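The structure appears right after this line, and notes come after that.
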Amino acid sequence: MDYLHISLVLALILIGIKPIYAQQKEATTFLQNLDAEIAIPEEDIVLINEILKGQWPLGKELTKKIMKLSFIDYDDEQVLSNVSDSESLLAISQNDGVSDFLRQLITIIDKSALRNKELGDILVNQYMVFNDDYRYRWKFNYNLNDYSAGLIAERDPNEKKLIDHLSGYLSRKYNSGELILGDYQIVTGFGLWSWRSVSTRKSFESIAGLPRMGRGISPYRSSNESWYLRGFGYTKEIKQGNLLISGGYTYQDGKLDSTGNLTLSTSGFHTGATSIAQQNNITESVILGQWNYKKSNSQIVTSVASINWQDKSGNKKQDWSGSVAFNQLLEYGNIFGELGRGYNRTAGIITGLRLKFLNVKYLISSRYYSKGYSALRSNPFAEWVGKDRNEFGIFQSISFKHNRNLFTIYGDLFKASDVKGDDSFPKSGQETGLRWEKKRGRQYQRIQWKWEKKSLENDGVYLFAQQLKYEIDNTLKYSGVFNFNKSIWGKLQLTYSLDR
């Protein structure tokens, strides 16, 4: 049977259209220049391929897609929001006020514009990997005028099914809104209610990404098997902003007992007896609504969702989650935040202030998540995730740019917010970093130092100790991209641990 699976997969891969080698090369080159320490959602990679292939015409619609990329700088987003046509979009490549990443992306789009006219509106990507069994993934995207459609088929290693995951969508744009049928995701606020499958991480790039609000509903482009919503999503523009109504269901891996204890798995792998038994065991039904109120300098987003879970044995559980997020532009920056209500009456809040003066940027942000905070598709800026989410923290960062030299410093302090009475050593930690980088087109050099001090878990060994034990990580890293000629490029990365 395994040979049959392999032959069918190879047949599937051979069915497609002519590969878009130029766009694939450009997308790979562009993504390689991003910070290697930042996890990029798969939907970003798919979206970059679609953008560089020419799935949308130059202008405002393409700009909206660019603004959905997770690594776009907050200041870049403000520039992109003022794009009205193809001329104003392409002019960004000559704008010294935006990031090198955005200038490079617009330059590649500009060079690809004429070539893309000959490629049509269909994009097919597929790959196959043999490593302890085999993995394959096949993606189809179609865009034409106001219509778009997409399909993803995937098989993970050691899965018994030929197609382990199948996802698709169909969308239609109207003058005052959009309708999506099938699989979609909602990226809104700052991660407390619904976000990408990858959260905004603590790093040197947080000063650019953390102040950004989510861009709302969009078709689902990832192969992540648990992060999408399935059903319908309808948005409508009104005088007071934008309304979103959505409903549907998804199958989730996990278990639910008669007392209402719910455990969900997001790994997507089904190779052991337990994971196979829990595969698609939970039906998650969702009804949600959202009001996005916008004025010239203000934005307030109110979201709420009612959820019902039921397993194959008939056990049921109901709950709801919601949030209120805001962003207020100031003369020299912006103030932002989100207050969330999670499942089981948990709570979360994140606030921040970002300032910009000439070539200096400063960010300070505080966060609080009660123990086990979780909402619809929550994935906030945090140290701990999932059931371990339980913290209070303060993050700060400052950057200074001089010519092509950028200096960035960041620091974060955090500790467990809800502590048991008999816990003498609650979890805590701190980290800080210093970076210098210099960029020129695709070439860059970067030197950084990062120091982390985090408490070890209570493992029963030091329960009777007199002080908390810590794990310290102290590293120095260099990375750079060089070109030897027009066609040969090289990347060098060195890491040295300063720990004893």
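Computed from a prediction, not measured in an experiment: that's the story for all the values here.
- T250 and Q252 share a donor-acceptor pair across their side chains, judged by distance under 3.5 Å alone.
- With 3.5 Å as the limit, one finds no donor-acceptor pair spanning the side chains of S397 and S206.
- Side-chain contact, S99 with D73: no donor N or O sits under 3.5 Å from an acceptor N or O.
- Remark: R103 does not engage D76 in a salt bridge, criterion side-chain N to carboxylate O under 4.0 Å.
- Rounded to the nearest 0.5 angstrom, K477 NZ and Y496 OH are separated by 15.5 Å.
- Here K139 pairs with E42 under the salt bridge (Lys or Arg N to Asp or Glu O under 4.0 Å) rule; sequence neighbours left out.
- Put simply, the side chain of L363 reaches to within 4.5 Å of the side chain of F395, judged on heavy atoms.
- Ion pairing of K202 with D412 is present here, as a side-chain N (NZ or NE/NH1/NH2) and a carboxylate O approach within less than 4.0 Å.
- Two residues are said to be in side-chain contact when any heavy atoms from C-beta on lie closer than 4.5 Å; W193 and E338 meet this criterion.
- In this structure F414 satisfies the ring pair (Phe, Tyr, Trp, His ring centres under 6.0 Å) test together with W384, sequence neighbours excluded.
- Residues passing the ring pair (Phe, Tyr, Trp, His ring centres under 6.0 Å) test with Y369, sequence neighbours excluded: none.
- With respect to the salt-bridge test (charged N to carboxylate O, under 4.0 angstrom), the residues E431 and K454 qualify.
- Of the possible polar contacts, none joining the S378 side chain to the G191 backbone as a donor-acceptor pair under 3.5 Å is found.
- For the ring pair (Phe, Tyr, Trp, His ring centres under 6.0 Å) test, residues two or more places apart in sequence or in another chain that qualify with Y332 are F357.
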- [ ] Give the intermediate values and the outcome of side-chain hydrogen bond (donor to acceptor under 3.5 Å, both in side chains) for residues D85 and S88.
- [x] CA-CA 6 Å; D85 52 29; S88 57; 3.0 Å; yes
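- If you look at Y184 and Y220, their ring centroids are not closer than 6.0 Å.
- Under the 4.0 Å criterion applied to side-chain N and carboxylate O atoms, E43 and K68 are not assigned as salt-bridge partners.
- If you check the side chains of R172 and Y147, you find a donor sitting under 3.5 Å from an acceptor.
- Ion pairing between a basic and an acidic side chain is recognised when a charged N comes within 4.0 Å of a carboxylate O; E178 and K173 show such pairing.
- In terms of modelled atom types and a separation under 3.5 Å, the side chain of W227 and the main chain of R196 share a donor-acceptor contact.
- Using a 4.5 Å heavy-atom cutoff, the side chains of L353 and L330 are in contact.
- In this structure, F336 has its ring center at least 6.0 angstrom away from the ring center of F326.
- At distances below 3.5 Å, at least one donor-acceptor pair connects side-chain atoms of E391 with backbone N or O atoms of E383.
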Side-chain polar contacts of residues 91-98 - donor-acceptor pairs under 3.5 angstrom, sequence neighbours left out - could you list them?
residue: S93; atom: OG; partner: L90; partner atom: O; Å: 2.8
residue: N95; atom: OD1; partner: G97; partner atom: N; Å: 2.7

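- Interatomic distance, CD of E225 versus CD of E154, reported as 5.5 Å (0.5 Å rounding).
- Taking the six-membered ring where the residue is Trp, the centroids of F101 and F71 are separated by 6.0 Å or more.
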TODO: Tell me, with the steps shown, if S479 and Q493 meet side-chain hydrogen bond (donor to acceptor under 3.5 Å, both in side chains).
DONE: CA-CA 4 Å; S479 60; Q493 182 167 301; 4.7 Å; no
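- At least one donor-acceptor pair closer than 3.5 Å links the side chain of Q328 to the backbone N or O of N297.
- Residues passing the side chain to side chain contact (heavy atoms under 4.5 Å, CB included) test with L151 are W138, F140, L166, sequence neighbours excluded.
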